[in-house]
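Some notes on the structure that comes next.
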Amino acid sequence: MSATPPATPAAPAAAAPAAAGPAPAATAAAAIDGDYSAINQAKADFSAIYVQPDPRAYFRTLGALGYGIPHLARPVFEQLIAARRQARLAAGEDATVTVLDLGCSYGVNAALMKYALGYDQLIERYDLMAQQQAGPDDMLRLDRHYYAAWPQRPDIRVIGLDVSGPAVRYAESCGILDAGIVADLESEDPGAEAAALLSGIDLIVSTGCVGYVTSRSFRRLADLCIAAGREAPWVASFVLRMFDYGDIAQVLKRHGLVTQKFEGATFVQRRFRDEEEMRGTLEALSARGLSAAGKEADGLFHAELFFSRPQAESEARPINRLVSVTSGVNRNYGRRPRLPQRPVRNVRPARPAIMA
């Protein structure tokens with residue numbers, strides 16, 4: 001899901017328009033260096049929806065933009081969790097897979113992984129609840145009963161980590177998360193209690209945090225597991241094409257993980273909020289040497305799937321053989337921004353499937 005942007009001294013009353021995108025050369029350099037702050041200027045700012053006492057504003061705002069990456073990620077995560085479970089059993093461990101949802105916000109990914117719920121059901125639920133006069137305490141009480149009424153998968157445990165205290169506390173309080181951690185791993189190591197939880201994770205998943213978090217967070221998480229005598233956790237990241245994943249892949253490689261990119265499909269995250277966001281994104285893609293034709297040029301953010309695990313596992317079952325996917329390009333995303341067609345220059349070949 002879309003990860004919570006870095007905390008600011010005071011959250012704005014409403015989502016503010018994004019600033020104009022930086023010069024393409026500066027944007028590319030910042031992305032390659034693993035610092036996404038410059039390239040993020042191309043994106044709309046939704047900080048305000050992540051600090052609300054309940055998720056109604058989150059679903060209302062992102063739902064209006066056709067946000068659907070959790071729906072597309074769910075079957076992928078299910079297949080990767082199954083593969084991680086097989087590896088645990090082969091190593092003589094129990095079948096319970098501990099998943100860390102990095103940038104969890106209100107726990108949407110966790111809800112879809114743990115319960116027999118569909119993403120569209122959640123959108124409809126919170127859209128209806130947004131029209132009610134219920135206060136945050138009423139919402140929490142209702143959600144506790146709602147999630148408790150669904151059978152829960154017994155072989156998965158989900159920990160959520162985010163910088164947003166209100167979002168994490170809500171998801172943990174209503175039972176979606178088995179444990180919630182409020183921390184900024186970009187700037188500091190987690191506390192002792194959080195570190196103990198994080199040292200036992202098997203799989204990290206994310207559907208929007210890359211671009212707000214960098215290799216620093218992944219390095220800290222891998223270090224915790226290795227310090228506890230375990231291998232680094234497997235990592236599955238859906239990453240918007242405007243962000244370079246190379247720096248993160250290099251860090252994971254130093255921790256014994258090989259990163260593969262799923263070839264042949266991209267995954268629609270949402271439509272652009274406006275022409276300004278679309279234009280800034282197209283400039284960022286051009287700076288990376290990527291063509292937006294048939295993807296972002298059609299008014300939609302597209303993400304790629306990267307999966308990191310030990311070399312033996314990667315060679316035995318490459319990612320394209322391990323999972324089957326659906327891209328979401330045929331979902332209804334509503335009215336999209338359109339820009340005049342312009343030729344894309346200086347397009348470089350795409351990265352190889354296995355990231356060195």
* Asked: Will you find, in the side chains of T259 and Y245, an N or O donor that is under 3.5 Å from an N or O acceptor?
  -> no
* **Stepwise side-chain hydrogen bond (donor to acceptor under 3.5 Å, both in side chains) check, Y126 with D143** => CA-CA 10 Å; Y126 290 105; D143 271 349; 2.8 Å; yes
* Output every pair passing salt bridge (Lys or Arg N to Asp or Glu O under 4.0 Å) with a member in residues 300-312, not counting sequence neighbours, ordered by first then second residue. => K261-E304
* Structure fact -> salt bridge (Lys or Arg N to Asp or Glu O under 4.0 Å) filter on D189, not counting sequence neighbours, yields R220
* Which atom names give the shortest non-hydrogen contact between I156 and T96, and what distance separates them? -> N-CG2, 4.3 Å
* Structure fact -> Heavy-atom closest pair (A183 atom, L161 atom, distance to 0.1 Å) is O-CD2, 3.8 Å
* Among all residues two or more places apart in sequence or in another chain, which pass the side chain to side chain donor-acceptor pair (under 3.5 Å) test with R141? -> none
* **Stepwise side-chain contact (heavy atoms from CB on, under 4.5 Å) check, H71 with L112** => CA-CA 8 Å; H71 167 75; L112 298 180; 5.7 Å; no
* To do: Run the numbers on D101 and I159 for side-chain contact (heavy atoms from CB on, under 4.5 Å), then give the verdict.
  => CA-CA 6 Å; D101 185 5; I159 299 171; over 6 Å; no
* Do S164 and D162 meet the criterion of a side-chain donor-acceptor pair at a distance under 3.5 Å? -> no
* To do: Keeping to residues at least two apart or across chains, list the salt bridge (Lys or Arg N to Asp or Glu O under 4.0 Å) pairs with something in residues 206-215.
  => none
* Determine, step by step, whether R270 and E277 satisfy the salt bridge (charged side-chain N to carboxylate O under 4.0 Å, His left out) criterion, reporting the C-alpha distance in whole Å, the side-chain angles of both residues, the deciding distance to 0.1 Å, and the verdict. => CA-CA 12 Å; R270 62 171 173 86; E277 184 178 52; 2.8 Å; yes
* Asked: Do you know the tightest heavy-atom contact between V168 and I181?
  -> CG1-N, 3.6 Å
* For R219, enumerate each residue passing the side chain to side chain donor-acceptor pair (under 3.5 Å) test, keeping only those at least two apart in sequence or located in another chain. => none
* Asked: Are the charged groups of E296 and R241 less than 4.0 angstrom apart, N to O?
  -> yes
* Asked: Is there a donor in the side chain of N40 and an acceptor in the side chain of S37, or the other way round, less than 3.5 Å apart?
  -> no
* To do: Quick one: closest heavy-atom pair of L65 and R273, and the distance?
  => CD2-CA, 3.9 Å
* Asked: Below 4.5 Å, heavy atoms only, C-beta onward: do T214 and D247 meet side chain to side chain?
  -> no
* Asked: Where do G211 and Y36 come nearest, in terms of heavy atoms and distance?
  -> O-CB, 3.3 Å
* Donor-acceptor pair, R153 side chain versus A116 backbone, under 3.5 Å? -> no
* To do: Can you sort out the partners of E315 under salt bridge (Lys or Arg N to Asp or Glu O under 4.0 Å), two or more places apart, ordered by chain and number?
  => none
* So do the side chains of R88 and D94 get within less than 4.5 Å of each other, counting heavy atoms only? -> yes
* Asked: Quick one: does Y58's side chain get under 4.5 Å of Y67's, heavy atoms only?
  -> yes
* Answer whether the closest heavy-atom distance between the side chains of V325 and T266 falls below 4.5 Å. => no
* To do: For E313, enumerate each residue passing the side chain to side chain donor-acceptor pair (under 3.5 Å) test, keeping only those at least two apart in sequence or located in another chain.
  => none
* Side-chain donor or acceptor of K114 paired with backbone N/O of I176 under 3.5 Å -> yes
* **Min side-chain heavy-atom separation N109-V99 under 4.5 Å** => no
* **Separation between OG of S199 and CD1 of I226, rounded to the nearest 0.5 Å** => 12.0 Å
* Asked: Can you find a heavy atom in the side chain of L300 that is under 4.5 Å from one in the side chain of K295?
  -> no
* Asked: Strictly under 6.0 Å, is that where the ring centroids of Y115 and Y146 end up?
  -> no
* Tell me the salt bridge (Lys or Arg N to Asp or Glu O under 4.0 Å) pairs involving residues 76-87, sequence neighbours left out? -> R74-E78, R84-D202, R84-E231, R85-D155
* Output yes when a side-chain donor or acceptor of E172 lies under 3.5 Å from a complementary backbone atom of A179, and no otherwise. => no
* Distance, nearest 0.5 Å, that separates CD1 of I39 from CE of M242 -> 4.5 Å
* **A111 to L122 - nearest heavy-atom pair and separation** => CB-CD1, 4.3 Å
* Asked: So do V210 and I248 actually touch side chain to side chain, heavy atoms under 4.5 Å?
  -> yes
* Partner residues of S217 under the side chain to side chain donor-acceptor pair (under 3.5 Å) criterion, sequence neighbours left out -> E186
* **Working for ring-ring contact (aromatic ring centres under 6.0 Å, His included), residues F262 and F238** => CA-CA 10 Å; F262 189 91; F238 286 87; 9.5 Å; no
* To do: Ignoring hydrogens and angles, tell me if any N or O in the side chain of S291 forms a donor-acceptor pair with the backbone of A293 under 3.5 Å.
  => yes
* **Test log, rule side-chain contact (heavy atoms from CB on, under 4.5 Å), inputs S324 and Q79** => CA-CA 8 Å; S324 59; Q79 293 169 84; 3.6 Å; yes
* To do: Could you grab the distance from atom OG1 of T98 to atom CD1 of I204, nearest 0.5 Å is fine?
  => 12.0 Å
* To do: Indicate yes or no for a side-chain donor-acceptor contact from Q52 to the backbone of I49 under 3.5 Å, with no hydrogens or angles considered.
  => no
* So, the side chain of R144 versus the backbone of S173: is there a donor-acceptor pair under 3.5 Å, distance only? -> yes
Hey, can you pull the donor-acceptor pairs under 3.5 Å for the side chains in residues 131-139, sequence neighbours left out?
{"from": "Q131", "atom 1": "NE2", "to": "D127", "atom 2": "O", "distance (Å)": "3.4"}
{"from": "Q132", "atom 1": "NE2", "to": "L128", "atom 2": "O", "distance (Å)": "3.4"}
{"from": "D138", "atom 1": "OD2", "to": "G135", "atom 2": "N", "distance (Å)": "3.3"}

* Structure fact -> Residues at least two apart in sequence or cross-chain that pass ring pair (Phe, Tyr, Trp, His ring centres under 6.0 Å) with Y170, listed by chain then number, are none
* Asked: Who passes ring pair (Phe, Tyr, Trp, His ring centres under 6.0 Å) against F307, sequence neighbours left out?
  -> W234
